[in-house]
Amino acid sequence: MSPSITVRHGDASVQLDAGATALQALKALEAIRGAIVAAQVTLPDGTARQWDLDRPVPDDVEVAGIAADTDEGRAILRHSAAHLMAQAVTDLFPGAKWAIGPPITDGFYYDFDVERPFTPEDLERIEARMHELARERQRYVREEVAREAALEEFADQPYKTAIIELVDDGTILSAVDVGGDDEQAGADGAEGAGGEPTFTVYRNVRPGGEVAWSDLCRGPHVPSTERVPAFKLLRSAGAYWRGREDQPMLQRIYGTAWESKKALKAHLELLEEAKRRDHRKLGRELELTHHPDELGPGLSIFLPAGALVRKQMEDWIRDETLARGYVPVYTPHIAKEDLWRISGHLQNYAELMYPGMELDDSASAYRLKPMNCPFHILAYTSRTRSYRELPLRIAELGTVYRYERSGVVNGMLRARGFTQDDSHIFCRADQVVDEVVDCIEFARDLYAAFGLGEPSRVAVSTRPDDKSIGTDEQWQYAERALMQAAERSGYDYQIDAGEGAFYGPKIDIHARDAIGREWQLTTIQVDFNLPERFDISYVGDDGAKHQPFMVHRALFGSIERFFAVMVESFNGAFPTWLAPVQVQLVPVAADFLGYADEVAGRLRATGVRVEVDASDGTLGNKIRAAQTSKVPYTLVVGASEAEAQTVAVRPYRGDQRKDVQVEAFVAEVVAEIAEKRPREHG
RNA sequence: GCCGAGGUAGCUCAGUCCGGCAGAGCAUCCGCCUUGUAAGCGGACGGUCAGGGGUUCGAAUCCCCUCCUCGGCUCCA
């Protein structure tokens, strides 16, 4: 008579023979809905853990299936895909050493130490081999092994033994961090006999029982290789072991894996769509921006069309900033090195600053500004400040220059010269939370105005582990203030531990674009440090001097980055109020140029940005030119229109309308433009 | 900075492996056409083949260095 266990799912409960697997339990409980990749087991003490379907479940637990088409389920099947890839690499490149292979957003990677970097042809071979292995229906078999046995088994895998060693000195958590979303280390908690950690090894077992491959891994995995239904290898790249430059460079292969071929296809199409929308490509095609080699990496020229879009953005933020009680300033691009010594930038930020400009007749070098804050402090200290003036919100569109390392510059998303819609709010300690809440609401309004909807994520970044200045008390106060503000603004927020700036913690606000990608845009930082370093003060109602807090905030973040996000999110087809050219006049033949000019003039008189196509191309040719330029409205005019004082309206999106009265169209487009600009200039 | 892939006309790309007159389409300009909703026809213009050095009778092509771009590591607005 074998002992029995009890398992539950919701209200259901059932008794099973001891040794029953998670899959058997779920079947007995009739708890399987759709495709599942693993189980979630909630132990009697309330902790929930992911569990292999073929792994026996303990007594008195709650079990549930993890569906393949959830984030959690995809992470598991991607992790299994990473194993499959490592096995294929091992087959094709004998002697390859494996490091870690976690699932990441939308995919997975695995790092290898191999003789030579992988070529695109290698990736094709590896992927083909993965398909063969998947068809073999190898089972992923979990096995717990003692530390010594693990060390022995992976004696010829230095990175695996290093992971095991990391558990020993208690730094396994840092190894987990290296792995990103998840990690490969098989440390399954310090639960082994005698306090020794127990490791788990996953073996890929062929139907005949032969062990094809084994990896140290925390799991769980899908039950068998054919349960990784759709995958594709995307690219290879160098990556440092443990992400540290003093460590060997490994070869990383990125792949993506999905619960179905359909989902994979949809993802690959999204990648293609992203490529089509790339702001560098559209910027060139639509003549928005220019990045000639002579200019230098990370620097941009805004051509007239791009500049008009940017002007709309700047007008919006300038007007809105003034309306919300900020005051404007203008500051220079360079300043004496001493300023940056006082601010602490030279000590904490030097590697991101351009080198000093030495001048013969000056005792001090000058530096390009990487941030605007010291200048705004100088604006603050231009005279004695009273508590009655606080909060004092100083704002500027300030262009900063940062010497980003050559490998990290990325179009306008990560640039060396960029403009922040920067503001520094000087306030009393008790005003910090209110000010941060206002900033979050301001950011929300901005995202809405520019068509990004609600923020997708709010994250509070806390004190960095390494470089930072200030006392624990100051950091705690500031971090608490940010969390309180985040709570009051009603957003769920997450904590990014150790991701703060060197001078204080911050809130970052992210948004999703039209094709679902997430961008970090707004940043709000609380600073107690610069006020101290510059010894700034205000006179309180007690007549004594007090030190204010500073809130740094940039809502667009970087105008260039936000511009790039706009280009990509709108696919270059801007809403009318942002579009560089709002209306394109197309005469059907040269005879009607006069009437086209007349209509254009009436539009221009109301402030609409309008152009007339005076080329001698065919009508089809001119229509095509208008469409490919993505102008919101094309107006076709010929004899009948001139006669009746009408236009034929061809919107970029939507159906064309004929015989629209000119005055009606003007009123329509003017209203549309006004509507998209909640606070029109003037 | 490190690893990999690239750089040919304003744009998109052939030609590079295997050294032998530098090409196509689009754009631009000129001419013809006088047009009714996504490319009319013809011609012209346009190149230090990223830059420099080397090998060679001869280099876009092979070798070396530098710059720049792309994808990553890392970082970040």
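Residue numbers begin at 1 in each chain, while the letters A, B, ... track the order of the sequences.
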Trainee: Quote, to the nearest angstrom, the C1' distance that separates rC45(B) from rG23(B).
Mentor: 16 Å
Trainee: With Arg125(A) as the cation and Phe93(A) as the aromatic partner, state whether NZ or CZ is under 6.0 Å from the six-membered ring centre and within 45° of the axis.
Mentor: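 Yes, a cation-pi geometry holds between Arg125(A) and Phe93(A).
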Trainee: Give a yes/no verdict on base stacking between rA77(B) and Phe418(A): centres under 5.5 Å, planes within less than 30° of parallel.
Mentor: yes
Trainee: If the P atom of rU16(B) is compared with that of rA60(B), how far apart are they to the nearest Å?
Mentor: 14 Å
Trainee: With respect to the side chain of Tyr254(A), which nucleotide from rG36(B), rG72(B), rG71(B) is positioned closest?
Mentor: rG72(B)
Trainee: For nucleotides 63-67 of chain B, tabulate all protein N/O to nucleotide N/O atom pairs closer than 3.5 Å, reporting atom names and distance.
Mentor:
none

Trainee: If I pick the P atom on rA50(B) and the same atom on rC13(B), what distance separates them, to the nearest angstrom?
Mentor: 15 Å
Trainee: Say you pick atom P in rA14(B) and the same atom in rG52(B); how far apart are they, in whole Å?
Mentor: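 rA14(B) and rG52(B) have their P atoms separated by 24 Å.
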Trainee: Among the candidates rU37(B), rC3(B), rC76(B), find the nucleotide nearest to the side-chain atoms of Arg561(A).
Mentor: rC76(B)
Trainee: Could you please name the partner base of rU12(B), counting Watson-Crick and G-U wobble pairs only when both distances are under 3.5 Å?
Mentor: rA24(B)
Trainee: Looking at Arg284(A), I'd like to know whether one of its side-chain N or O atoms comes within less than 4.0 Å of OP1 or OP2 on rU12(B).
Mentor: yes
Trainee: Both distances under 3.5 Å, Watson-Crick or G-U wobble: report the partner of rU56(B), or none.
Mentor: none
Trainee: Tell me whether the rings of Phe563(A) and Phe302(A) are parallel (<30°), tilted (30 to 60°) or perpendicular (>60°).
Mentor: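 Rings of Phe563(A) and Phe302(A): perpendicular, as their planes differ by over 60°.
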Trainee: At under 4.0 Å between heavy atoms, what does Ala415(A) touch on the DNA or RNA strands: base, sugar-phosphate, or nothing?
Mentor: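 Base: the residue Ala415(A), judged by heavy atoms under 4.0 Å, touches a nucleobase.
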Trainee: Could you encode protein contacts along nucleotides 25-35 of chain B as a string, one character per nucleotide from 5' to 3', using B for base contact, S for sugar-phosphate-only contact and - for no contact, with a heavy-atom cut-off of under 4.0 Å?
Mentor: -------BB-B
Trainee: Pairing check on rG1(B): which nucleotide meets the Watson-Crick or G-U wobble criteria with it, both distances under 3.5 Å?
Mentor: rC73(B)
Trainee: Is rC41(B) paired to anything, Watson-Crick or G-U wobble with both distances less than 3.5 Å, and if yes, which nucleotide?
Mentor: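 Base-paired to rG31(B).
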Trainee: Under a 3.5 Å limit for both distances, which nucleotide forms a Watson-Crick or G-U wobble pair with rA50(B), could you say?
Mentor: rU66(B)
Trainee: List the atom of Arg310(A), the atom of Thr419(A), and the distance in Å for their closest heavy-atom pair.
Mentor: NH2-OG1, 3.1 Å
Trainee: Sticking with atom P, work out how far rU12(B) lies from rC65(B), rounded to a whole angstrom.
Mentor: 28 Å
Trainee: Counting heavy atoms from C-beta on, name the nucleotide in rG71(B), rC73(B), rU37(B) closest to the side chain of Arg252(A).
Mentor: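 Minimum distance to the Arg252(A) side chain belongs to rC73(B).
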